[in-house]
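Order of the sequence lines sets the chain letters (A, B, ...), proteins ahead of strands, with each chain counted from 1.
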2 protein chains.
Amino acid sequence: MNPIQFPAFLKPGDRVGVLAPASIVKYEDVVPGIRLFTEQWGLEVIEGETLKTSFNQFSATDDDRLADMQQMLDDPSIKAIIAARGGYGCSRIVDRLNFEKFLQYPKWIVGFSDLTAFLAKTFKTGYASIHAPMAKTITNVGAETAAESLRQMLFGEMPAYEVPAHPLNRSGHATAQVVGGNLCLLAHMIGSETETETDGKILFIEDINEYLYNHDRMMIQLKRSGKLDKLAGLVVGQFTDMKDNNSPTFGKDSYEIIAEHVTEFGYPVCYGFPVGHVSDNRAMGIGMEAELIVTEHAVQLRFLPNSNAKSEEI
Amino acid sequence: MNPIQFPAFLKPGDRVGVLAPASIVKYEDVVPGIRLFTEQWGLEVIEGETLKTSFNQFSATDDDRLADMQQMLDDPSIKAIIAARGGYGCSRIVDRLNFEKFLQYPKWIVGFSDLTAFLAKTFKTGYASIHAPMAKTITNVGAETAAESLRQMLFGEMPAYEVPAHPLNRSGHATAQVVGGNLCLLAHMIGSETETETDGKILFIEDINEYLYNHDRMMIQLKRSGKLDKLAGLVVGQFTDMKDNNSPTFGKDSYEIIAEHVTEFGYPVCYGFPVGHVSDNRAMGIGMEAELIVTEHAVQLRFLPNSNAKSEEI
């Protein structure tokens with residue numbers, strides 16, 4: 001396992017930053033999330049300027065989105081940065097993020113979808129981050145369990161999930177580092193500095209609104225670049241609002257597509273995991289170690305405390 | 001320049017194979033193309049079984065499409081393989097193509113769009129191939145010049161193109177190997193065996209029917225993986241039927257997107273080149289050397305005879 005550090009867990013009264021590093025967001029859409037963080041979790045929220053600006057489909061120009069994120073990365077008083085929403089834009093600026101001060105004052109970075117790029121960058125710096133609901137989605141109807149899972153992870157209570165079996169599951173047991181995120185972003189980052197190393201790891205994937213043939217193509221890119229060969233396990237999240245040609249159709253749904261591409265491997269695989277573009281989008285620690293148990297009856301994923309924690313304290 | 005070999009050029013009476021290695025094709029749609037090859041170019045056409053079969057959105061199962069292509073690759077009497085159409089499916093089987101007999105009996109492989117995968121594979125084996133109209137599109141209205149350019153290239157007359165200047169062009173001069181094809185496929189192949197090496201080369205790109213943000217993202221993948229850094233030149237073809245969000249829009253069109261991503265480099269760039277999902281889709285030799293001259297007034301691209309030709313004859 002790559003050595004990984006955890007930023008300090010949150011405690012009530014801590015400051016967190018909320019910003020929109022990718023697509024434009026309506027400020028009123030993040031107000032309930034901010035209220036959750038302040039009133040229920042007891043945090044102080046610092047609002048990024050990108051919550052109230054826009055530039056075409058982005059929340060701001062590249063330079064301004066970068067500046068907003070960089071300021072929060074550099075601010076020692078901010079203990080976590082929670083994105084407002086994804087969309088598109090993170091990979092336009094991810095290579096310009098400077099993690100020098102972050103390494104002095106590490107903090108949690110939280111988001112999913114397009115934010116997969118920032119999570120991957122944080123992993124490359126040697127720090128865990130959190131794939132989880134964002135300010136805009138965390139108060140959705142049905143997001144209560146997911147919101148609580150993020151709260152637990154941020155406050156240092158490692159969450160454990162148990163979900164029902166799916167007919168396509170492949171039984172098995174793995175304890176390994178968790179990596180993953182949005183499939184489109186994982187395929188998109190191949191060849192770049194933030195390409196995800198998957199050997200020996202539990203990989204999770206999710207996506208939304210893609211044509212099935214394109215889903216297939218992204219799986220093939222992962223496979224042809226060796227990303228599926230040596231997994232410890234595969235956790236398949238939600239593939240939401242996938243599209244098909246009218247006629248002729250692709251002939252397989254998302255889970256059948258994935259199952260085809262991992263047929264030849266022996267690691268445990270589970271489908272229908274509550275992660276993705278859905279309300280029940282449970283917090284997943286990127287870089288954290290977890291135990292995955294897939295049986296005929298159920299799936300358990302249990303995040304483990306950081307085994308590096310002691311060396312961190314020295 | 002990588003050493004590259006040319007298959008033998010065609011002569012009247014030669015056999016060529018026509019098949020559908022990716023999406024389903026209607027047989028009647030390829031009849032006019034086959035007639036062009038036989039009646040006007042004097043070739044004998046061997047029809048692949050995939051011209052008349054189907055499997056969901058594919059022309060046949062992976063195994064059957066592979067078998068059809070492999071049979072033509074292996075047949076010493078077939079001097080060129082011309083795809084009927086692209087669509088989707090080549091990257092599902094490209095790694096299983098066996099080029100052993102091809103190396104004994106090299107032949108031209110012709111196609112574009114999804115066929116970019118096969119052209120890239122052929123390049124990796126050390127042989128030139130041709131990005132050009134396919135059987136289904138070569139008799140389209142307005143395809144006469146493009147059809148003639150393919151005929152020239154197949155019969156050993158290296159074509160030269162002169163096209164009008166475009167306001168975004170960057171002047172310059174380069175003589176280098178040509179690589180490229182469909183942008184989506186070029187991004188998709190990054191990390192795989194058929195990833196395109198672009199250093200010191202003239203890269204051409206084209207695409208169809210993508211959202212502008214996705215076009216941007218594909219350019220970013222090329223850039224982040226170093227594919228745009230050290231080009232000898234960039235030839236930007238047609239970006240057809242590109243889509244935008246209703247509101248807010250992306251804020252740039254395809255050519256402005258590309259221009260942004262190559263601003264910092266000094267090599268010549270030209271836009272609006274007649275290559276892509278349009279009738280006037282001129283033959284481009286993959287792996288062939290060409291001279292590119294971009295001035296304020298016009299663009300010239302001239303394919304050169306193979307400088308390895310003599311060593312081939314030894």
Does B/Glu100 CD have over 12 foreign heavy atoms under 6.0 Å away? no
Working to the nearest 0.5 Å, report the span between CG of B/Leu212 and OH of A/Tyr88. 10.5 Å
Are more than 12 heavy atoms, taken from residues, nucleotides or ligands other than B/Glu49, located less than 6.0 Å from that residue's CD atom? no
Roughly how far, to the nearest 0.5 Å, is OG1 of B/Thr194 from CZ of A/Arg224? 3.5 Å
To the nearest 0.5 Å, what is the distance between NE2 on A/His188 and CG on B/Asn214? 9.0 Å
May I ask you to list the residues in residues 243-266 of chain B that approach chain A closer than 4.5 angstrom, counting heavy atoms only, ordered by number? B/Asn245, B/Pro248, B/Thr249, B/Phe250, B/Gly251, B/Glu260, B/His261
Let me confirm one number: the SG-CD1 distance from A/Cys90 to B/Ile220, rounded to the nearest 0.5 Å. 10.5 Å
Heavy-atom distance under 4.5 Å to chain B: side chain of A/Phe58, backbone, both or neither? side chain
Contact winner vs chain B - A/Gln57, A/Met189, A/Glu193, A/Lys227, heavy-atom pairs under 4.5 Å: A/Gln57
Comparing A/Asp95, A/Ile24, A/Leu222 against chain B, the one with the most heavy-atom pairs below 4.5 Å turns out to be A/Asp95
Quick one: does A/Gln221's side chain have a donor or acceptor within less than 3.5 Å of a partner on B/Ala187's backbone? yes
